[in-house]
Amino acid sequence: TIRPVRRSYYDPSSAPGKGVVWEWENDSGTWTPYDMDVGITIQRAYEKQHPWVDLSAIGFCYVIDFATMGQINRQTQRKRRVRRRLDMVYPLVSGTLPKSQSWPASPGAAAAPPVPACTCPQCLLVMSVKAAAAAGPGTSTLQPRKAAPAKPPAAPKPPVPAAGPKAPDGVAAVRGSLKPLAAQGGRRQAASTPALSSAGASGSPPGTGSGKGSRASLGTLNRSHLQRLAIAQSRVLIASGVPTVPVKNLTGSSPVNPALAGITGILMSAAGLPVCLTRPPKLVLHPPPVSKSEIQSIPGISHSCRKTTKKQAKKGKTPEEVLKKYLQKVRHPPDEDCTICMERLSAPSGYKGPQPAVKPDLVGKLVKCSHVFHLHCLVAMYNNGNKDGSLQCPTCKTIYGVKTGTQPPGKMEYHIIPHALPGHADCKTIRIIYNIPPGVQGPEHPNPGKSFTARGFPRHCYLPDSEKGRKVLKLLLVAWDRRLIFAIGTSSTTGESDTVIWNEIHHKTEFGSNLTGHGYPDINYLDNVLAELAAQGITEESLAQEKD
């Protein structure tokens, strides 16, 4: 597995430059440092003697209170201790910035003492590509041009190739095709960053006569100038048609395989093609803070909260009486298998568990879908299920009666907030908050009497406040009342068993981005969730049934 690494430089006046580290106390009582950007934001507010700082502007739903040295969760109001450490001094770099190492090497590098070759898979791959490129048939030498003398910063000349090993014709042709585009990009860079033109960083490449002056001038630039230079160079590469490799591809959040993205970057560098890494978008899980006065109830929907309690057992009907409503007896079974026990319908049922009070050779047909089964098998299937008076065909999933689930007790809140979702700028947002506490499993759960966990609650979900969005909410309320939103099982993300999990009705838990696939914009989401609700037996007809 190949992963990218990076080294960051910070201004001496910033928190890391001063050796300041902000930490928060975790559940085990130990201290965890904030991310560097978060720590810099906290330190900046602390130095300005602000009483508190709200981190929602950088994507975190927390407030740091300097008076009590506490971190407050804006959603749950949970408070943690924070502290400021001054004993974490980072290395101070003085003089010129270190030179980046790359190949082909410049002629001046030959005088350096030999270094043992690295044998890691990444370096072996790069060196093998380099050797293949150098040994290829039909090579052409790129002759270096003399660097032009320094001129006023009006229009620096585009970079020229440095002297180096021979390159294949294909590489020479590619580089030649990029020259006019790079020249155009260089002119755009000069116009957009006049303050950097005099530094000579974009005008003279390493390996030419003015290379030393260029590297020396980099040491005189502060961090902001270096950032502007890097951004300008990236714009030149992108404008000149250089392929970009987004950093998000290297973290596994993209359909592009992380290893494939890394190998692609290595091979492009090995072939002499520049690679531009773009800045990844930020994850935005929650909207900006909303006051209670800004929260609105949803027109057409009474109340703003629903609670569920433990399952109420239905009495008075045996499994045979329930199935009788949905079945027709078949006197002459067809010559096919029962899809439950896989025995022929003309033979007795092959079910070997607790024997129901029906004959094993009786056959019945479901009235809606007309699929045929042994009555013995259907009764056994019903007894092994939720026993709520409903039945679902094991072949086509047609639902008979009202299907209910095994969702543990909890609370569902819903209201309108005055913020728009990406892709739905013309309307506000419906926010749903699910809260299920941990507890003990009941008789309808996988392990009765055993405790279960409830991770990640309260869970915040979002819908557009449109006509279709309100329709989805009404159906989700029906699903909640029927205990179909959550279940107890094994988490597909953490592997934890006996925990609360989603139950095949997808929700959008990401407010301002879509990095995890659970956010917006997603033009098909509302239609998809309506189809998932229908698969659970919840349609517009269900709304009329609930009213009745």
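With sequence neighbours left out, Asn26 forms a side-chain hydrogen bond (donor to acceptor under 3.5 Å, both in side chains) with Ser28, Thr30, Thr32. Every side-chain hydrogen bond (donor to acceptor under 3.5 Å, both in side chains) that Asn447 has, sequence neighbours left out, goes to Asp498. Under the ring-ring contact (aromatic ring centres under 6.0 Å, His included) criterion, Tyr520 pairs with His424, not counting sequence neighbours. Looking at residues two or more places apart in sequence or on another chain, you find no salt bridge (Lys or Arg N to Asp or Glu O under 4.0 Å) involving Arg331. The salt bridge (Lys or Arg N to Asp or Glu O under 4.0 Å) search around Arg344 returns Asp335, Asp337, not counting sequence neighbours. Contacts of His518 classified as ring-ring contact (aromatic ring centres under 6.0 Å, His included), with partners at least two apart in sequence or in another chain: none. The side-chain contact (heavy atoms from CB on, under 4.5 Å) search around Pro33 returns Val21, Glu23, not counting sequence neighbours. In this view, Asp35 satisfies the side-chain hydrogen bond (donor to acceptor under 3.5 Å, both in side chains) rule with no residue, not counting sequence neighbours. Evaluation of the side-chain hydrogen bond (donor to acceptor under 3.5 Å, both in side chains) rule for Gln71 yields Tyr34 as partners, not counting sequence neighbours.
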Item to complete: May I have the step-by-step check of side chain to side chain contact (heavy atoms under 4.5 Å, CB included) for Ile488 and Thr499, ending in yes or no?
Response: CA-CA 5 Å; Ile488 294 178; Thr499 189; over 6 Å; no
**Prompt:** Glu294 and Ile417: side chain to side chain contact (heavy atoms under 4.5 Å, CB included), yes or no, with the steps?
**Reply:** CA-CA 7 Å; Glu294 294 177 307; Ile417 58 175; over 6 Å; no
- prompt: Could you walk me through whether Ile58 and Asp37 pass the side chain to side chain contact (heavy atoms under 4.5 Å, CB included) check?
  reply: CA-CA 9 Å; Ile58 56 175; Asp37 292 339; over 6 Å; no
inquiry  = For Arg459 and Trp502: C-alpha separation, side-chain torsions, deciding distance, then whether side chain to side chain contact (heavy atoms under 4.5 Å, CB included) applies.
reply    = CA-CA 11 Å; Arg459 299 187 184 182; Trp502 293 105; 3.1 Å; yes
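Ser451 approaches Gln441 most closely through the heavy-atom pair O-NE2, 3.8 Å. Between Pro521 and Asn514, the shortest heavy-atom distance links the atoms O-ND2, 3.5 Å. For the pair Gly517 and Lys508, the tightest heavy-atom approach, listed with the atom from each and the gap, is O-NZ, 3.3 Å. Nearest approach of Arg306 to Trp480, heavy atoms of both residues: O-NE1, 3.5 Å. Among all heavy-atom pairs drawn from Lys474 and Leu543, the shortest one is O-CD2, 3.8 Å. The heavy-atom pair separating Pro409 from Pro437 by the smallest distance is O-CD, 3.6 Å.
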Below 3.5 Å, can you tabulate the donor-acceptor pairs from side chains in residues 389-402 to any protein atom, sequence neighbours excluded?
residue	atom	partner	partner atom	Å
Ser390	OG	Asp388	OD1	2.7
Ser390	OG	Asp388	OD2	3.3
Gln392	OE1	Lys403	NZ	3.3
Gln392	NE2	Lys397	O	3.1
Thr395	OG1	Thr339	OG1	3.2
Tyr400	OH	Lys368	N	3.1
Tyr400	OH	Cys369	N	3.0

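Counting only heavy atoms from C-beta outward, the side chains of Tyr525 and Leu463 approach each other to under 4.5 Å. In this structure the side chain of Ile501 never reaches within 4.5 angstrom of the side chain of Ser492, judged on heavy atoms. Side-chain atoms of Leu375 and Leu323, non-hydrogen and from C-beta on, never get closer than 4.5 Å to each other. Within the 4.5 Å cutoff, the side chain of Ser466 has no heavy atoms near those of the Asp426 side chain. Side chains of Val82 and Glu25 form no contact here, defined as non-hydrogen atoms less than 4.5 Å apart. Counting heavy atoms from C-beta outward, Asn503 and Gln407 have side chains that stay 4.5 Å or more apart. Looking only at side-chain heavy atoms (C-beta outward), Thr404 and Leu484 stay at 4.5 Å or farther from each other. Residues Asn73 and Arg80 are not in side-chain contact: their nearest non-hydrogen atoms beyond the backbone lie 4.5 Å or more apart.
Under 3.5 Å, the side chains of Glu343 and Ser349 contain no donor-acceptor pair of N or O atoms.
Ser56 places no side-chain N or O within 3.5 Å of a backbone atom of Cys61 that could act as its donor or acceptor partner. Side-chain atoms of Asp361 never come within 3.5 Å of backbone atoms of Pro348 as a donor-acceptor pair (strictly under, hydrogens ignored). In this structure, Thr308 contributes its side chain and Gly410 its backbone to a donor-acceptor pair below 3.5 Å.
Counting only residues at least two apart or in different chains, ring-ring contact (aromatic ring centres under 6.0 Å, His included) contacts with residues 441-474 comprise His286-His460, Phe457-Phe486, Tyr462-Phe511. Every pair passing side-chain hydrogen bond (donor to acceptor under 3.5 Å, both in side chains) that includes a residue from residues 408-418 is listed here, sequence neighbours excluded: His415-Arg431.
We find the CG-SG distance between Asp465 and Cys427 to be 6.0 Å, quoted to the nearest 0.5 Å. Taking OG1 of Thr318 as the reference point, atom NZ of Lys324 lies at 9.5 Å (rounded to 0.5 Å). Atom CH2 of Trp52 and atom CD1 of Ile72 lie 10.5 Å apart (nearest 0.5 Å). We find the CD1-CD1 distance between Ile505 and Ile485 to be 4.5 Å, quoted to the nearest 0.5 Å. For the atom pair OG (Ser542) and CD (Gln536), the distance works out to 11.0 Å, reported to the nearest 0.5 Å. With values rounded to the nearest 0.5 angstrom, Leu530 atom CG is found 8.5 Å from Glu540 atom CD.
Note: Trp24 and Tyr62 fail the aromatic proximity criterion, with ring centroids not under 6.0 Å apart.
Of the charged side-chain nitrogens involved, none lies within less than 4.0 Å of a carboxylate oxygen, so that Glu444 and Lys387 do not count as a salt-bridged pair. Salt-bridge formation is not detected for the pair Asp65/Lys79: no Lys NZ or Arg NE/NH1/NH2 atom is positioned less than 4.0 Å from an Asp or Glu carboxylate oxygen. Salt-bridge annotation for Asp27 and Arg81: absent, with no side-chain N of the basic residue lying under 4.0 Å from a carboxylate O of the acidic one.
By the 6.0 Å contact criterion, NE2 on His506 is open, its count of non-hydrogen atoms from other residues, nucleotides or ligands being 12 or less. Within 6.0 Å of CD in Glu467 there are 12 or fewer heavy atoms belonging to other residues, nucleotides or ligands.
For the side chain to side chain contact (heavy atoms under 4.5 Å, CB included) criterion with Glu510, the lone passing option out of Leu421, Leu285, Val284 is Leu285.
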